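Note: hydrogens, waters and symmetry copies are ignored here, and every other heavy atom, side chains too, is used. Every value quoted in this text rests on a predicted model; they were computed, and no experiment measured them. First the proteins, then the strands, lettered A, B, ... as listed; each starts at 1.
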Amino acid sequence: MNLVRWSRIRSPWVFHFNAGGCNGCDIEILAALNPRYDIERFGMILRGSPRHADVLLCTGTVTRQIRNRLQRIYEQVPEPKFVMALGNCACTGGVFQNCYNVHEGVDKVVPVDVYVPGCPPRPQAIIDGAVKLLTKLSKS
Amino acid sequence: MKRHIILEGIRGSLNPFTTKYPKKSYIPPDGFRGAAEYDAERCVGCGACSQQCPPGAITYTDDEKERKLRLSYGVCSFCGRCEEVCPWDAIHLTKKYELAVYNREDAETGVDIPFFQCTECGRPFFPYPQMKASLEKVGETLAEYGIKQEELANLISLCPTCSFTVDKMPERRMFMRRLVK
Ligand code: SF4
Ligand code: SF4
(Lines give C-alpha, C1' and ligand atoms only; values in the text may rest on other atoms or scores of the structure.)
(Ligands and ions follow the chains in the order given, each with its own letter.)
Protein backbone atom coordinates (compact mmCIF):
# COMPACT_ATOMS: atom_id res chain seq x y z
CA MET A 1 0.00 0.00 0.00
CA ASN A 2 2.80 2.35 0.90
CA LEU A 3 4.52 1.63 -2.37
CA VAL A 4 1.37 2.60 -4.26
CA ARG A 5 1.17 5.83 -2.33
CA TRP A 6 4.83 6.58 -2.81
CA SER A 7 4.60 6.05 -6.55
CA ARG A 8 1.45 8.16 -6.71
CA ILE A 9 3.20 11.09 -5.09
CA ARG A 10 6.36 10.63 -7.15
CA SER A 11 4.66 10.48 -10.53
CA PRO A 12 1.58 12.67 -10.77
CA TRP A 13 1.10 12.63 -14.52
CA VAL A 14 -0.81 15.59 -15.77
CA PHE A 15 -3.33 16.22 -18.48
CA HIS A 16 -3.60 19.80 -19.58
CA PHE A 17 -6.97 21.15 -20.63
CA ASN A 18 -7.79 24.65 -21.77
CA ALA A 19 -11.39 25.41 -20.92
CA GLY A 20 -11.62 28.72 -22.72
CA GLY A 21 -8.63 30.74 -21.61
CA CYS A 22 -6.56 33.21 -23.62
CA ASN A 23 -3.53 30.86 -23.88
CA GLY A 24 -1.42 32.93 -21.49
CA CYS A 25 -1.50 30.27 -18.78
CA ASP A 26 -0.92 27.53 -21.33
CA ILE A 27 2.27 29.21 -22.48
CA GLU A 28 3.38 29.43 -18.84
CA ILE A 29 2.69 25.70 -18.44
CA LEU A 30 4.98 25.08 -21.41
CA ALA A 31 7.60 27.27 -19.73
CA ALA A 32 7.24 25.24 -16.53
CA LEU A 33 7.72 22.04 -18.53
CA ASN A 34 10.85 23.12 -20.33
CA PRO A 35 14.36 22.34 -19.02
CA ARG A 36 14.76 25.73 -17.35
CA TYR A 37 12.03 25.12 -14.75
CA ASP A 38 11.59 21.40 -15.40
CA ILE A 39 8.45 20.40 -13.58
CA GLU A 40 9.41 16.80 -14.46
CA ARG A 41 11.63 16.94 -11.39
CA PHE A 42 8.45 16.19 -9.47
CA GLY A 43 7.47 13.41 -11.85
CA MET A 44 4.94 15.54 -13.68
CA ILE A 45 4.83 14.40 -17.27
CA LEU A 46 2.37 15.86 -19.72
CA ARG A 47 0.14 13.14 -21.16
CA GLY A 48 -1.97 13.28 -24.26
CA SER A 49 -4.95 11.43 -22.82
CA PRO A 50 -6.90 11.96 -19.62
CA ARG A 51 -6.98 8.18 -19.11
CA HIS A 52 -3.23 8.21 -18.46
CA ALA A 53 -3.29 11.12 -16.06
CA ASP A 54 -3.66 11.66 -12.32
CA VAL A 55 -3.88 15.42 -12.32
CA LEU A 56 -6.12 17.55 -14.50
CA LEU A 57 -4.37 20.84 -15.11
CA CYS A 58 -7.19 23.13 -16.08
CA THR A 59 -6.83 26.68 -17.39
CA GLY A 60 -9.38 29.15 -18.59
CA THR A 61 -12.77 30.27 -17.39
CA VAL A 62 -15.14 27.44 -18.26
CA THR A 63 -17.25 28.57 -21.18
CA ARG A 64 -20.76 27.25 -21.57
CA GLN A 65 -19.81 25.40 -24.70
CA ILE A 66 -16.93 23.53 -23.08
CA ARG A 67 -18.64 22.67 -19.83
CA ASN A 68 -19.82 19.19 -20.84
CA ARG A 69 -16.48 18.36 -22.38
CA LEU A 70 -14.68 19.32 -19.18
CA GLN A 71 -17.04 17.12 -17.23
CA ARG A 72 -16.48 14.21 -19.59
CA ILE A 73 -12.72 14.62 -19.45
CA TYR A 74 -12.86 14.77 -15.66
CA GLU A 75 -14.84 11.53 -15.60
CA GLN A 76 -12.27 9.86 -17.84
CA VAL A 77 -9.40 10.52 -15.43
CA PRO A 78 -8.98 7.36 -13.33
CA GLU A 79 -9.40 7.56 -9.55
CA PRO A 80 -7.86 9.01 -7.48
CA LYS A 81 -7.87 12.21 -9.47
CA PHE A 82 -6.86 15.73 -8.64
CA VAL A 83 -7.65 19.02 -10.28
CA MET A 84 -5.42 22.06 -10.38
CA ALA A 85 -7.09 25.32 -11.41
CA LEU A 86 -4.42 27.38 -13.06
CA GLY A 87 -4.70 31.12 -13.52
CA ASN A 88 -7.31 33.59 -12.41
CA CYS A 89 -9.91 32.58 -14.98
CA ALA A 90 -9.85 29.00 -13.75
CA CYS A 91 -9.92 30.14 -10.12
CA THR A 92 -12.81 32.59 -10.18
CA GLY A 93 -13.54 33.67 -13.73
CA GLY A 94 -11.08 36.56 -13.45
CA VAL A 95 -11.73 39.39 -15.87
CA PHE A 96 -14.56 37.38 -17.44
CA GLN A 97 -16.62 37.40 -14.27
CA ASN A 98 -20.26 38.22 -14.92
CA CYS A 99 -20.03 37.44 -18.64
CA TYR A 100 -23.07 35.74 -20.12
CA ASN A 101 -21.11 32.87 -21.63
CA VAL A 102 -18.88 31.62 -18.82
CA HIS A 103 -19.20 29.51 -15.69
CA GLU A 104 -16.77 31.59 -13.60
CA GLY A 105 -14.22 29.05 -12.58
CA VAL A 106 -13.48 25.36 -12.84
CA ASP A 107 -14.89 24.67 -9.38
CA LYS A 108 -18.39 25.41 -10.64
CA VAL A 109 -18.18 22.27 -12.76
CA VAL A 110 -15.66 19.88 -11.17
CA PRO A 111 -14.12 19.84 -7.66
CA VAL A 112 -10.76 21.62 -7.47
CA ASP A 113 -7.90 20.64 -5.14
CA VAL A 114 -5.54 23.56 -5.54
CA TYR A 115 -5.98 27.04 -6.97
CA VAL A 116 -3.06 28.89 -8.51
CA PRO A 117 -3.90 32.58 -8.93
CA GLY A 118 -1.91 34.69 -11.35
CA CYS A 119 -2.65 36.36 -14.62
CA PRO A 120 -0.84 34.34 -15.82
CA PRO A 121 0.98 32.61 -12.94
CA ARG A 122 4.72 32.60 -13.59
CA PRO A 123 6.40 29.18 -13.90
CA GLN A 124 7.63 29.37 -10.32
CA ALA A 125 4.07 29.96 -9.17
CA ILE A 126 2.97 26.86 -11.09
CA ILE A 127 5.76 24.86 -9.44
CA ASP A 128 4.65 26.25 -6.09
CA GLY A 129 1.09 25.11 -6.81
CA ALA A 130 2.35 21.68 -7.83
CA VAL A 131 4.37 21.39 -4.64
CA LYS A 132 1.36 22.40 -2.58
CA LEU A 133 -0.73 19.77 -4.37
CA LEU A 134 1.91 17.10 -3.68
CA THR A 135 2.06 18.18 -0.03
CA LYS A 136 -1.69 17.72 0.16
CA LEU A 137 -1.35 14.29 -1.48
CA SER A 138 1.33 13.15 0.90
CA LYS A 139 -0.73 14.24 3.89
CA SER A 140 -3.99 12.67 2.77
CA MET B 1 29.19 14.70 -33.48
CA LYS B 2 29.73 18.41 -33.58
CA ARG B 3 32.19 19.78 -31.10
CA HIS B 4 29.95 22.54 -29.80
CA ILE B 5 27.26 20.03 -28.86
CA ILE B 6 29.75 18.08 -26.74
CA LEU B 7 31.00 21.29 -25.15
CA GLU B 8 27.45 22.35 -24.42
CA GLY B 9 26.79 18.98 -22.82
CA ILE B 10 29.86 19.22 -20.59
CA ARG B 11 28.99 22.77 -19.61
CA GLY B 12 25.45 21.74 -18.88
CA SER B 13 26.42 18.90 -16.61
CA LEU B 14 28.93 21.01 -14.70
CA ASN B 15 26.56 23.92 -14.25
CA PRO B 16 22.93 22.76 -14.41
CA PHE B 17 20.62 24.97 -16.42
CA THR B 18 17.54 24.05 -14.40
CA THR B 19 16.59 26.38 -11.57
CA LYS B 20 16.54 25.03 -8.03
CA TYR B 21 13.32 26.87 -7.38
CA PRO B 22 11.38 25.28 -4.54
CA LYS B 23 14.60 24.66 -2.58
CA LYS B 24 16.14 28.02 -3.37
CA SER B 25 13.68 30.89 -3.24
CA TYR B 26 13.39 33.08 -6.27
CA ILE B 27 12.93 36.84 -6.26
CA PRO B 28 11.44 38.28 -9.45
CA PRO B 29 13.20 41.19 -11.18
CA ASP B 30 12.34 44.82 -10.44
CA GLY B 31 9.14 45.97 -12.03
CA PHE B 32 7.45 42.61 -11.59
CA ARG B 33 3.82 43.09 -10.72
CA GLY B 34 2.91 40.59 -8.03
CA ALA B 35 0.24 40.46 -5.38
CA ALA B 36 -1.01 43.86 -4.26
CA GLU B 37 -0.90 44.61 -0.56
CA TYR B 38 -2.46 47.27 1.64
CA ASP B 39 -0.53 49.49 3.96
CA ALA B 40 -2.96 49.44 6.88
CA GLU B 41 -1.30 52.49 8.46
CA ARG B 42 -1.89 54.66 5.43
CA CYS B 43 -5.12 53.45 3.91
CA VAL B 44 -7.95 55.84 4.73
CA GLY B 45 -10.74 53.72 3.29
CA CYS B 46 -11.78 56.06 0.50
CA GLY B 47 -12.51 53.20 -1.90
CA ALA B 48 -10.85 54.79 -4.93
CA CYS B 49 -8.96 51.58 -5.62
CA SER B 50 -12.19 49.61 -5.64
CA GLN B 51 -13.77 52.04 -8.11
CA GLN B 52 -10.89 51.83 -10.54
CA CYS B 53 -10.00 48.14 -10.42
CA PRO B 54 -10.73 46.89 -13.96
CA PRO B 55 -11.82 43.31 -13.17
CA GLY B 56 -13.49 44.32 -9.90
CA ALA B 57 -11.08 42.47 -7.63
CA ILE B 58 -11.40 45.03 -4.84
CA THR B 59 -14.73 45.24 -3.10
CA TYR B 60 -15.82 46.84 0.12
CA THR B 61 -18.71 46.22 2.44
CA ASP B 62 -19.83 48.65 5.10
CA ASP B 63 -21.12 47.28 8.33
CA GLU B 64 -21.97 48.88 11.66
CA LYS B 65 -18.45 49.73 12.71
CA GLU B 66 -16.05 49.49 9.82
CA ARG B 67 -15.49 49.44 6.11
CA LYS B 68 -14.09 46.10 5.04
CA LEU B 69 -11.92 46.37 1.93
CA ARG B 70 -11.14 43.04 0.33
CA LEU B 71 -8.84 42.28 -2.59
CA SER B 72 -9.25 38.86 -4.15
CA TYR B 73 -6.09 37.56 -5.80
CA GLY B 74 -8.23 35.13 -7.74
CA VAL B 75 -9.80 38.03 -9.65
CA CYS B 76 -6.96 40.58 -9.71
CA SER B 77 -5.22 40.90 -13.07
CA PHE B 78 -2.06 42.45 -11.57
CA CYS B 79 -2.38 45.58 -13.69
CA GLY B 80 -1.25 48.06 -11.02
CA ARG B 81 -4.12 50.48 -11.52
CA CYS B 82 -4.93 50.52 -7.79
CA GLU B 83 -1.40 51.58 -6.96
CA GLU B 84 -1.64 54.29 -9.59
CA VAL B 85 -4.90 55.82 -8.36
CA CYS B 86 -4.53 55.53 -4.59
CA PRO B 87 -4.35 59.17 -3.42
CA TRP B 88 -2.71 58.15 -0.13
CA ASP B 89 -0.05 55.84 -1.50
CA ALA B 90 -1.47 53.01 0.58
CA ILE B 91 -1.59 50.05 -1.81
CA HIS B 92 1.43 48.59 -3.54
CA LEU B 93 2.17 45.69 -5.84
CA THR B 94 4.73 43.47 -4.18
CA LYS B 95 6.97 40.79 -5.62
CA LYS B 96 4.91 38.04 -4.03
CA TYR B 97 3.82 35.40 -6.51
CA GLU B 98 3.41 32.19 -4.47
CA LEU B 99 -0.34 32.51 -4.13
CA ALA B 100 -1.52 28.92 -4.54
CA VAL B 101 -4.27 28.00 -2.06
CA TYR B 102 -6.54 25.06 -1.29
CA ASN B 103 -9.70 27.14 -0.88
CA ARG B 104 -10.88 29.78 -3.25
CA GLU B 105 -11.66 32.25 -0.48
CA ASP B 106 -8.19 32.11 1.06
CA ALA B 107 -6.49 34.02 -1.74
CA GLU B 108 -7.28 37.48 -0.55
CA THR B 109 -6.00 40.38 1.48
CA GLY B 110 -7.68 43.40 2.95
CA VAL B 111 -7.99 46.04 5.62
CA ASP B 112 -10.75 47.08 8.00
CA ILE B 113 -11.21 50.82 8.34
CA PRO B 114 -13.19 52.11 11.34
CA PHE B 115 -16.07 54.49 10.79
CA PHE B 116 -16.60 57.88 12.32
CA GLN B 117 -19.79 58.19 14.31
CA CYS B 118 -22.13 61.11 13.93
CA THR B 119 -21.76 63.29 17.01
CA GLU B 120 -25.50 63.78 17.27
CA CYS B 121 -27.23 60.51 16.45
CA GLY B 122 -24.23 58.20 16.81
CA ARG B 123 -24.68 56.62 13.39
CA PRO B 124 -21.37 55.55 11.77
CA PHE B 125 -21.24 57.18 8.35
CA PHE B 126 -17.74 58.01 7.13
CA PRO B 127 -14.30 56.36 7.33
CA TYR B 128 -12.55 57.97 10.28
CA PRO B 129 -9.00 58.08 8.86
CA GLN B 130 -10.30 59.66 5.67
CA MET B 131 -11.96 62.45 7.62
CA LYS B 132 -8.80 63.08 9.61
CA ALA B 133 -6.54 63.05 6.55
CA SER B 134 -8.84 65.30 4.54
CA LEU B 135 -9.02 67.87 7.33
CA GLU B 136 -5.26 67.97 7.53
CA LYS B 137 -5.04 68.41 3.79
CA VAL B 138 -7.38 71.40 3.62
CA GLY B 139 -6.03 73.01 6.82
CA GLU B 140 -3.76 75.49 5.08
CA THR B 141 -6.35 76.57 2.55
CA LEU B 142 -8.85 77.12 5.34
CA ALA B 143 -6.38 79.34 7.16
CA GLU B 144 -6.28 81.60 4.09
CA TYR B 145 -9.99 82.16 4.54
CA GLY B 146 -9.58 82.73 8.24
CA ILE B 147 -11.43 79.56 9.16
CA LYS B 148 -10.25 77.32 11.95
CA GLN B 149 -9.92 73.61 11.32
CA GLU B 150 -12.21 72.83 14.26
CA GLU B 151 -15.07 74.78 12.73
CA LEU B 152 -15.06 72.59 9.64
CA ALA B 153 -14.54 69.52 11.77
CA ASN B 154 -17.64 70.36 13.77
CA LEU B 155 -19.61 70.89 10.62
CA ILE B 156 -18.70 67.60 8.98
CA SER B 157 -18.97 65.48 12.08
CA LEU B 158 -22.74 65.26 11.57
CA CYS B 159 -24.20 62.61 9.36
CA PRO B 160 -26.24 63.76 6.32
CA THR B 161 -29.54 63.16 8.11
CA CYS B 162 -28.58 65.31 11.10
CA SER B 163 -26.87 68.12 9.20
CA PHE B 164 -29.56 68.97 6.66
CA THR B 165 -32.25 69.97 9.13
CA VAL B 166 -34.12 73.22 9.17
CA ASP B 167 -32.45 74.58 12.28
CA LYS B 168 -28.95 73.67 11.06
CA MET B 169 -29.29 75.23 7.60
CA PRO B 170 -28.59 78.90 8.50
CA GLU B 171 -25.33 77.94 10.16
CA ARG B 172 -24.21 75.97 7.10
CA ARG B 173 -25.20 78.82 4.80
CA MET B 174 -23.12 81.27 6.79
CA PHE B 175 -20.16 78.96 6.61
CA MET B 176 -20.47 78.60 2.84
CA ARG B 177 -20.65 82.36 2.45
CA ARG B 178 -17.35 82.76 4.23
CA LEU B 179 -15.75 80.52 1.63
CA VAL B 180 -16.86 82.79 -1.20
CA LYS B 181 -14.62 85.82 -0.92
S1 SF4 C 1 -6.55 54.96 0.58
FE2 SF4 C 1 -5.81 53.91 -1.24
S3 SF4 C 1 -5.85 51.75 -0.66
FE4 SF4 C 1 -7.13 52.82 0.84
S5 SF4 C 1 -9.22 52.70 0.00
FE6 SF4 C 1 -8.36 54.65 -0.75
S7 SF4 C 1 -7.47 54.12 -2.76
FE8 SF4 C 1 -7.82 52.17 -1.67
S1 SF4 D 1 -3.62 45.33 -9.64
FE2 SF4 D 1 -5.30 45.93 -11.04
S3 SF4 D 1 -6.69 44.16 -11.00
FE4 SF4 D 1 -5.34 43.94 -9.22
S5 SF4 D 1 -6.44 44.88 -7.53
FE6 SF4 D 1 -5.12 46.49 -8.41
S7 SF4 D 1 -6.43 47.52 -9.92
FE8 SF4 D 1 -7.44 45.58 -9.42
*Asks:* What residue in G129(A), G105(A), A125(A) has the most heavy-atom pairs under 4.5 Å with chain B?
*Replies:* A125(A)

*Asks:* So which of K20(B), R104(B), E98(B), R33(B) has the biggest tally of heavy-atom pairs under 4.5 Å with chain A?
*Replies:* R104(B)

*Asks:* Got a second to check how far S72(B)'s OG is from N88(A)'s CG, nearest 0.5 Å?
*Replies:* 7.5 Å

*Asks:* Would you find more than 12 non-hydrogen atoms of other residues, nucleotides or ligands less than 6.0 Å from Y128(B) atom OH?
*Replies:* no

*Asks:* Given side chains that start at C-beta, do those of I127(A) and P22(B) come closer than 4.5 Å, heavy atoms only?
*Replies:* yes

*Asks:* So, the side chain of T18(B) versus the backbone of P35(A): is there a donor-acceptor pair under 3.5 Å, distance only?
*Replies:* yes

*Asks:* By a 4.5 Å heavy-atom criterion (distance strictly below it), what part of F78(B) contacts chain A: side chain, backbone, both, or neither?
*Replies:* side chain

*Asks:* Take a 6.0 Å sphere around CD of Q51(B) and say whether it holds more than 12 heavy atoms from other residues, nucleotides or ligands.
*Replies:* no

*Asks:* Kindly check if the number of other-residue, nucleotide or ligand heavy atoms within 6.0 Å of CD (Q65(A)) is above 12?
*Replies:* no

*Asks:* Would you please say whether a donor-acceptor pair under 3.5 Å links the side chains of R41(A) and Y21(B)?
*Replies:* no

*Asks:* Tell me whether L57(A) is reachable from L70(A) by hopping between hydrophobic residues (I, L, V, M, F, W, Y) whose side-chain heavy atoms are closer than 4.5 Å.
*Replies:* no

*Asks:* Please check this pair: side chain of Y102(B) against backbone of K132(A), looking for a donor-acceptor N/O pair closer than 3.5 Å.
*Replies:* yes

*Asks:* One pair to check against side chain to side chain contact (heavy atoms under 4.5 Å, CB included): E105(B) and Y115(A). What are the steps and the verdict?
*Replies:* CA-CA 10 Å; E105(B) 297 78 30; Y115(A) 299 83; over 6 Å; no

*Asks:* Count I, L, V, M, F, W, Y as connected when their side-chain heavy atoms are under 4.5 Å apart, and connections chain through other members. Are M176(B) and I156(B) then in the same cluster?
*Replies:* yes

*Asks:* With a 4.5 angstrom heavy-atom cut-off, which part of D106(B) approaches chain A: side chain, backbone, both or neither?
*Replies:* neither

*Asks:* Please state whether the side chain, the backbone, both or neither of F96(A) comes within less than 4.5 Å of a heavy atom of chain B.
*Replies:* neither

*Asks:* Using the rule that Ile, Leu, Val, Met, Phe, Trp and Tyr join whenever any side-chain heavy atoms are under 4.5 Å apart, tell me whether F175(B) and M131(B) fall into a single cluster.
*Replies:* yes

*Asks:* Evaluate whether atom NZ of K65(B) has more than 12 neighbouring non-hydrogen atoms of other residues, nucleotides or ligands under 6.0 angstrom away.
*Replies:* no

*Asks:* Sub-3.5 Å donor-acceptor pair from the side chain of R36(A) to the main-chain atoms of F17(B), do we have one?
*Replies:* yes

*Asks:* Is it the side chain or the backbone of Q97(A) that comes within 4.5 Å of chain B heavy atoms, both, or neither?
*Replies:* side chain

*Asks:* Most heavy-atom pairs under 4.5 angstrom with chain B, which of V131(A), V114(A), V116(A)?
*Replies:* V114(A)

*Asks:* May I ask you to name which of L86(A), D107(A), V112(A) has the most heavy-atom pairs under 4.5 Å with chain B?
*Replies:* D107(A)

*Asks:* Can you give me the closest heavy-atom contact between C76(B) and C119(A), atom names plus distance?
*Replies:* O-CB, 4.2 Å

*Asks:* Do R122(A) and P28(B) come within less than 4.5 Å of each other through their side chains, counting heavy atoms only?
*Replies:* yes

*Asks:* Examine distances only and state if a side-chain atom of T92(A) and a backbone atom of G74(B) form a donor-acceptor pair shorter than 3.5 Å.
*Replies:* yes

*Asks:* Should F17(A) and I29(A) be counted in the same cluster of Ile, Leu, Val, Met, Phe, Trp and Tyr side chains packed under 4.5 Å apart?
*Replies:* no

*Asks:* Should the heavy atoms of other residues, nucleotides or ligands under 6.0 Å from NZ of K132(B) be counted, would the total exceed 12?
*Replies:* no

*Asks:* Looking at G94(A) and V75(B), what are the two nearest heavy atoms and their distance?
*Replies:* O-CG1, 3.9 Å

*Asks:* Considering residues, nucleotides and ligands other than I5(B), do more than 12 of their heavy atoms fall under 6.0 Å from its CD1?
*Replies:* yes

*Asks:* Mark yes when over 12 heavy atoms from residues, nucleotides or ligands other than K95(B) sit less than 6.0 Å from its NZ; otherwise mark no.
*Replies:* yes

*Asks:* Can you tell me if CG on D167(B) sees more than 12 non-hydrogen neighbours from other groups inside 6.0 Å?
*Replies:* yes

